[in-house]
Each structure stands twice: as structure tokens, then as C-alpha cells.
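Here the structure is laid out as C-alpha cells; the discussion comes afterwards.
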Amino acid sequence: MLNKTLSICKKLDLAICVCTSDSYSDVWDLFYFFWNKHFFSDQIPVYFLTSKQSKKKNTPYNIIFPKRSISTDPWSNRMLECIEQINHENIITTTEDAIINKRIDINKFYHAINFFNNNNLDYLKMSPFYPNKSREKMNTFVSHSDWELHRVNLTKALWKKKSLMKILIKNETINDFDMFASLRASNQKLKIYHCDFTVLNYTEIIHGGKFNFRAKKFLDEIKYFEKYDRKFNNFYENLNIIYKYLKLYIY
């Protein structure tokens, strides 16, 4: 199965692209540690798409920064410039705070990328989000209605790079993209599907620029605080995070 999976990855010319910024550079090593720990191969390159040239050197991952935009320019302007520099046909996008929390099932990963390849998709969501929660039906794929939340977003999603470039427009925040990308994808008649099973399990560890209550076990494993010192959400901020998740679950 490993050889079959890597063969499709090579055919797809696949890469991992982490959409981030320099202000989160302290989290890059954390993300990469758990990606490398839980992924089944080191043959797929990992790129961090950031906001400006980084001081980090000799990293096991690649750091891409915009050549014209500066860090205070809109998020989408910077991402467009970074993605233009990625010399791969297909990319898995995610964000630095979505930490892979368990070993990736190679069979699920194979079924997902094989479906993407065989059906010439533009986008495949690999980690469903409420209200599009996975029913965990192996090798089953669904197409959601345009109005549904996060039908098209960047967290753990497989894209044709050229299709992502079509719906990224200048002068947007990442929240703007989450709200309007689905409509633009429909207008462009992109082929959008979601896995009805979870390929990439993850935990979000940052809210409002601070670590949430889920972050500690990840931070302890890599001894984060020996090098960095990002703050934690307080009790009430964590309570508000839980409340928002409950609202989505009920919805």
C-alpha cells in the first residue's frame, strides 16, 4: 500500500503547504514535528507559506515568503505570491495551528488521493468540519450544498494548485476567504467533494493568538517552552471556545 500511495503522490506532484505568518514561526517546528511523527513518508515536501523572509535556517521544511508584498499587506495578496512559487501541480493546504493528533491511516489517505486523481477534482476536503461532519463511511465521498459552512476552506484540503489560484483574490483576510470561496468555486464550476471519512485528524491549538486548553500535551512533548513563550487563553476565553464548538455541533 505504501508504494501504491507514494506512486499516486508522485503522479499528482503533491506537496504540503502550511498557510501561516512570521508571527507564528514559533509554532512551525511544533506543526512539523507532529506531521512528521504521524505521516507515513518523508517523500512529500512541506512548505510554510509565510509573510516575510524568515530568520530560521537549516529547517527540515521549506519556507516561502512573498517577493513583493510586505507582512502588513492583506493575507490573500501574500498567499497568492507564495503559492505562485510552489512548483507542484497539487497541494494539501492547512494552517500551522491545526496539529495532526494521530497516526494517518495510509488506506484512507490512498482512497482519498486516488478518488481525487481518478475524478479529476479541483478540491477534496480531507478533514470534515461541522456541520459537514464525516459519517466515517470508508471510501465514500460527498458533495455539499453551496450554503454549508466551510464547504471550501484551507484546513486539510487537497487542491489543484491552479484551481486554488482561480478563487484566491486580492485584498481578503483568511476569514473573508472562508466566507466567499465557496461561492466563487461554484461560479467557476469547480469539482468540489468532501471525504465522508476523516483522513487527517487534527486539533486546533491556537485561538486569538494564544494557546487554548488543548495545546499543553503537544507543547510538553516537544519541550516548547525551552525555546518560546506564547501565552495561553484564560479560563473564560477557553470557556467561550467550548461554547462556540457546542453551537456548531448543535447546528
Side-chain angles (χ1 to χ4, degrees), residues 8-25 27-28 31-32 35 39 43-54 56 59-100 112-113 116-117 120-127 129 150-194 199-200 202:
I8 297 180
C9 290
K10 185 176 181 180
K11 180 179 179 181
L12 288 172
D13 188 22
L14 187 63
I16 312 301
C17 291
V18 184
C19 301
T20 183
S21 68
D22 189 70
S23 60
Y24 288 92
S25 60
V27 187
W28 298 351
F31 177 96
Y32 184 79
W35 177 269
F39 202 56
Q43 294 186 34
I44 302 176
V46 177
Y47 297 86
F48 283 77
L49 314 184
T50 187
S51 54
K52 66 180 183 179
Q53 188 167 6
S54 176
K56 285 178 173 282
T59 59
Y61 45 81
N62 306 281
I63 301 172
I64 307 295
F65 58 92
K67 302 298 186 182
R68 301 180 298 276
S69 298
I70 60 175
S71 58
T72 55
D73 284 339
W75 170 85
S76 62
N77 299 23
R78 294 185 274 108
M79 285 299 107
L80 276 166
E81 287 188 38
C82 289
I83 293 170
E84 284 173 352
Q85 299 175 57
I86 302 298
N87 294 318
H88 295 268
E89 292 183 15
N90 298 283
I91 59 176
I92 294 174
T93 59
T94 188
T95 53
E96 79 290 310
D97 64 330
I99 305 299
I100 293 289
I113 63 173
F116 181 89
N117 178 55
N120 194 28
L121 300 188
D122 294 288
Y123 174 95
L124 179 64
K125 182 72 170 168
M126 303 176 85
S127 291
F129 185 79
H150 294 268
R151 174 174 172 262
V152 174
N153 72 358
L154 294 173
T155 303
K156 304 299 187 290
L158 174 56
W159 298 82
K160 279 183 185 172
K161 191 188 87 167
K162 64 181 181 181
S163 300
L164 175 56
M165 296 288 287
K166 285 181 181 178
I167 62 171
L168 260 175
I169 63 172
K170 290 186 175 181
N171 302 321
E172 279 194 330
T173 67
I174 190 169
N175 290 331
D176 291 334
F177 180 83
D178 280 355
M179 286 190 288
F180 302 119
S182 180
L183 178 60
R184 292 199 290 267
S186 296
N187 292 339
Q188 293 277 352
K189 300 189 185 309
L190 300 187
K191 292 182 73 174
I192 306 294
Y193 275 84
H194 288 210
V199 179
L200 302 174
Y202 68 93

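Because only heavy atoms are used, hydrogens play no part in the values below, and waters and symmetry mates are left out as well, while side chains stay in. What you see is a predicted model, and the numbers here were worked out from it, not measured in a lab. We count residues from 1, following the sequence as given.
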ring-ring contact (aromatic ring centres under 6.0 Å, His included) partner of Y61, the single match among F48, F31, Y47, W35: F48
Nearest heavy atoms of S76 and I169, plus distance in Å: OG-O, 2.7 Å
Under 3.5 Å: donor-acceptor pair, side chain of D22, backbone of K52: no
L80 vs M165 side-chain heavy atoms within contact, under 4.5 Å: yes
Check: L12 main-chain N/O paired with N90 side-chain donor or acceptor under 3.5 Å: yes
Distance-only polar pair, side chains of T173 and N175, donor-acceptor under 3.5 Å: no
Within 6.0 angstrom of K10 NZ, more than 12 heavy atoms from elsewhere: no
L49 vs T93 side-chain heavy atoms within contact, under 4.5 Å: no
Y202/T155 under side-chain contact (heavy atoms from CB on, under 4.5 Å): CA gap, chis, key distance, verdict: CA-CA 10 Å; Y202 68 93; T155 303; 3.7 Å; yes
Y123 to I192 - nearest heavy-atom pair and separation: CB-CD1, 3.3 Å
Residue pair K156 / I100, side-chain heavy-atom distance below 4.5 Å: yes
Pairwise side-chain contact, I63 with W28, heavy-atom cut-off 4.5 Å (strictly under): yes
